[in-house]
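Worksheet for the structure shown next.
Within every chain, numbering begins at 1; the chains are lettered A, B, ... in the order of the sequence lines, protein sequences first and strands thereafter. Heavy atoms only: backbone and side chains are in, while hydrogens, waters and symmetry mates are out.
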Amino acid sequence: MRFSKAYIPTTKEAPKDAQLPSHIYLSRAGFVSQVAAGLYNFLPLGKRVLRKIETIINEEMAVCDAQEVDLSFVTPAELWEESGRIEKFGKELLRFRDRKENLFVLGPTHEEMMVNIVRNRVTSYKQLPLNLYQIKTKFRDEARPRFGLMRGREFVMKDGYSFHASTEDLDREFDAMEAAYKRILERLGLEFRIVEADSGAIGGTGSKELMVLAGSGEDTLAVCDTCEYGANVEAARRAQRTDIPEAPSADFARFRTPNIKSIDDLSNFFHVDPYYTLKAVVQRAVYIEGSELVCFFVRGCDELQEVKARNSIGAIDLVDATEAELIEIGLVPGFMGPLDQDKIRIVMDNDTKNATSMICGANEADYHFVGVDLSVMHEAHFADLASVQEGDGCPHCNGKILHTKGIEVGHIFKLGTVYSAPLKAEFLDENGRAQPFIMGTYGMGVSRLVAAVIEQHHDEKGCIWTPATAPYLVNIMVSNIKEESHMAYAEELYATLQKNGTEVILDDRKERFGFKMSDAELIGFPFTIIIGKELDNGSVQIMIRATREIITVDASEVISKIGELCK
RNA sequence: CGGGGUGUAGCUCAGUAUGGUUAGAGUACUUGGUUUGGGACCAAGGGGCCGAAGGUUCGAGUCCUUUCACCCCGACCA
């Protein structure tokens with residue numbers, strides 16, 4: 001491509017709405033432009049990056065014998081009614097009617113459609129397993145799209161679905177997909193972590209998220225500083241605590257604690273570590289039908305993890321309870337404890353099981369119990385409720401947990417029969433019995449990956465594309481196109497690179513050196529070959545974008561040098 | 001969906017408090033000239049329904065009402 005003919009509208013200023021580096025630089029460098037909230041146009045450079053990522057995904061899927069399909073974007077609403085998701089998805093599902101008044105939706109994900117194309121066609125265990133995927137635009141009418149390409153309403157996703165006759169076979173395919181996804185991200189040149197994730201209300205197992213590590217990520221990850229363990233904090237586990245503070249010695253007693261309500265106050269008042277106090281968090285749990293107040297207890301040194309709490313009782317949502325709601329049912333805010341109270345459902349963190357020497361509220365204003373032995377609560381509902389904190393022990397090794405931020409670019413998930421059963425997608429097993437398909441699902445956010453590359457690879461000058469994601473690997477920049485010998489050399493180099501299959505752009509614009517260099521840095525080509533006055537000495541220069549280092553090489557060796565730098 | 005903010009030239013923004021010639025700047029664009037290794041300089045130009053609708057007024061970018069869009073925080077997010 002010749003730059004002079006390319007449509008690459010770069011700008012000095014970022015759109016005022018852009019906050020994230022990926023949004024700012026992708027806009028400024030002319031990769032994308034915004035159309036409306038959460039909707040973006042991909043301009044030529046952006047489209048090239050998308051296609052490069054798609055190509056890598058296709059290649060790795062081919063290795064796994066996964067087959068690409070292309071399902072219709074507009075899907076009949078009946079399918080969604082059949083699976084029961086039309087209500088669950090709510091307003092995120094964009095619906096509309098055609099001229100015959102039939103209701104349709106724009107596909108936000110394609111489980112239903114994919115199940116639909118195999119049901120009644122794949123009818124025998126002999127036809128399994130099967131792994132089908134597509135790379136396609138999805139639409140979710142998000143309440144609040146933001147962060148540029150990171151969270152759009154319309155986005156490109158690779159969504160794959162596998163069908164199996166047994167859970168063992170699903171496990172095998174799941175591992176193969178995890179390995180393939182890992183290879184994809186490695187090839188893209190991204191630093192990432194595969195983490196354990198929350199399975200959500202749908203159930204299923206083996207939920208794993210692929211997280212590109214970047215400070216602007218929306219998800220908090222708990223990762224081990226020693227081993228490979230990593231998990232979304234929503235699902236993170238930790239080792240049993242070993243550095244247990246010295247226990248306070250006190251016999252069981254009811255103790256007057258005037259106006260001592262918070263964990264801090266309590267721990268100062270009794271001079272005990274918060275580890276020995278019990279924190280009560282009351283939430284209104286919302287279910288499909290109705291709601292109730294639930295009190296969660298964790299140790300004073302811990303925080304309640306909301307997703308874990310929600311999962312522990314199968315609620316759809318938790319909202320903070322107000323003091324008025326507590327008082328109404330006869331609870332005493334600031335002095336709540338699990339003992340001797342039957343006014344509210346309680347759930348206790350696993351770490352409080354059989355805990356001794358505890359201090360907890362006495363369910364009476366200005367009184368706490370001390371010296372509590374929680375083994376009396378052995379019939380209570382225990383669950384993992386506490387949020388894993390930095391410094392906690394890794395559940396797999398002796399390492400320590402650290403927190404880091406990640407961008408979720410992939411999510412793989414064992415669905416089991418969650419969709420195949422309600423949609424009656426069945427095959428006959430060896431015994432001639434009808435069984436629903438056992439399914440896995442494998443998603444990867446392709447347009448989000450474009451943004452993720454830049455979130456992880458940029459500097460104050462602009463984008464820094466990795467070789468696998470760059471719109472062009474090499475930019476040949478002619479310092480002054482009026483120098484005929486320089487231009488002739490550049491043309492020759494351009495032709496040679498094109499012939500050997502290098503993705504190359506020739507910056508033949510009638511612009512000054514500084515202007516073209518700034519564009520090269522903003523767009524972020526991995527290598528810019530500068531052809532200018534050095535050519536009179538038989539040399540050219542290569543600017544390595546990642547470091548902005550400029551090296552001088554003999555004009556005859558420039559191609560082999562580029563090859564060397566790519567390694 | 002709750003709270004906050006912003007809509008004026010392709011882009012980034014002044015101007016709105018206190019209504020008053022022909023609505024400005026920078027940048028980008030066009031033409032001519034000079035320059036040519038880090039976003040050049042000089043000169044001359046083109047470009048606006050001041051988000052939309054209604055109202056108040058002799059007069060509205062500016063005041064009032066309604067509405068739409070976009071952004072931020074939160075809720076939500078296979």
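- Atom CE of A/M439 and atom CD of A/E173 lie 12.0 Å apart (nearest 0.5 Å).
- The gap from the P atom of B/G47 to that of B/G5 amounts to 37 Å, rounded to the nearest Å.
- Within 6.0 Å of atom NZ in A/K182, 12 or fewer heavy atoms from other residues, nucleotides or ligands are found, so the atom counts as exposed in its surroundings.
- Taking atom CG of residue A/D219 and atom P of nucleotide B/C76, one finds them 14 Å apart after rounding to whole Å.
- Distance from the side chain of A/E306 is smallest for B/C76 among the nucleotides B/C76, B/U12, B/C70.
- Geometric assessment of A/R48 against the ring of A/Y472 yields a positive cation-pi assignment under the 6.0 Å and 45° thresholds.
- A/Q34 has its CD atom 14 Å from the C1' atom of B/G7, to the nearest Å.
- If you check every strand for non-hydrogen atoms under 4.0 Å, A/P9 touches nothing.
- As a whole-Å value, the separation of A/R151 CZ from B/C71 C1' is 15 Å.
- Taking the P atoms as reference points, B/U12 lies 14 Å from B/C72, given to the whole Å.
- For A/R144 and B/C1, the shortest distance from a side-chain N or O to OP1 or OP2 is not below 4.0 Å.
- The same atom, C1', is picked in B/A53 and in B/G7; the two are 16 Å apart, to the nearest Å.
- Residue A/M157 is in base contact, counting any heavy-atom pair closer than 4.0 Å across all strands shown.
- Classified by interplanar angle (parallel below 30°, tilted 30° to 60°, perpendicular above 60°), the ring pair A/Y442/A/F174 is tilted.
- Rounded to a whole angstrom, the distance from the C1' atom of B/U66 to that of B/G26 is 35 Å.
- Checking each of A/Y25, A/F527, A/F31 against A/W465 for a ring pair (Phe, Tyr, Trp, His ring centres under 6.0 Å) leaves exactly one that passes, namely A/F31.
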Generate the contact string for nucleotides 30-45 of chain B. Rules: B means base contact, S means sugar-phosphate contact only, - means no protein heavy atom under 4.0 Å.
-----BBBBBB-----

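- If you check B/C76 for Watson-Crick or wobble pairing at under 3.5 angstrom, you find it has no partner at all.
- Summarising the base pairing, B/U34 is matched to B/A40 through a Watson-Crick or G-U wobble pair whose two defining distances lie under 3.5 Å.
- Atom CG of A/L20 and atom C1' of B/C71 are 13 Å apart (whole Å).
- Straight-line distance between the P atoms of B/A28 and B/A69: roughly 34 Å, to the nearest whole Å.
- Separation of the P atoms belonging to B/A52 and B/C68 is 15 Å when rounded to the nearest angstrom.
- Using a 4.0 Å heavy-atom criterion, one finds that A/A37 contacts the sugar-phosphate atoms exclusively.
- A donor-acceptor pair under 3.5 Å is absent between the side-chain atoms of A/S387 and the main chain of A/Q305, judged by distance alone.
- B/G45: Watson-Crick or G-U partner is B/C29, with both key distances under 3.5 Å.
- Atoms CD (A/E142) and C1' (B/A75) sit 13 Å apart, rounded to a whole Å.
- Both distances falling under 3.5 Å, in either a Watson-Crick or a G-U wobble arrangement, place B/U65 opposite B/A53.
- For the pair A/G148 and A/F155, both in contact range of RNA chain B, the more 5′-proximal nearest nucleotide belongs to A/G148.
- The interatomic distance linking A/F147 (CZ) with B/G74 (P) rounds to 8 Å, in whole Å.
- Note: CZ (A/R448) to C1' (B/C77) measures 9 Å, nearest angstrom.
- Rounded to whole Å, the C1' atom of B/G48 lies 11 Å from the corresponding atom of B/G24.
- Rounding to the nearest 0.5 Å gives a distance of 10.5 Å between CG of A/L93 and OG1 of A/T109.
- Taking a pair to require two hydrogen-bonding distances under 3.5 Å in either a Watson-Crick or a G-U wobble arrangement, B/G20 pairs with B/C58.
- Note: A/H110 and A/Y133 fail the aromatic proximity criterion, with ring centroids not under 6.0 Å apart.
- Residue-environment remark: CD (A/E303) stays at or below the threshold of 12 foreign heavy atoms within 6.0 Å.
- As rounded to whole Å, 12 Å separates atom P of B/C76 from atom CD of A/E92.
- The P atoms of B/C1 and B/U67 are separated by 13 Å, rounded to the nearest whole Å.
- Toward the 5' end of RNA chain B, the nearer of the two residues A/R310 and A/E13, judged by each one's closest nucleotide, is A/E13.
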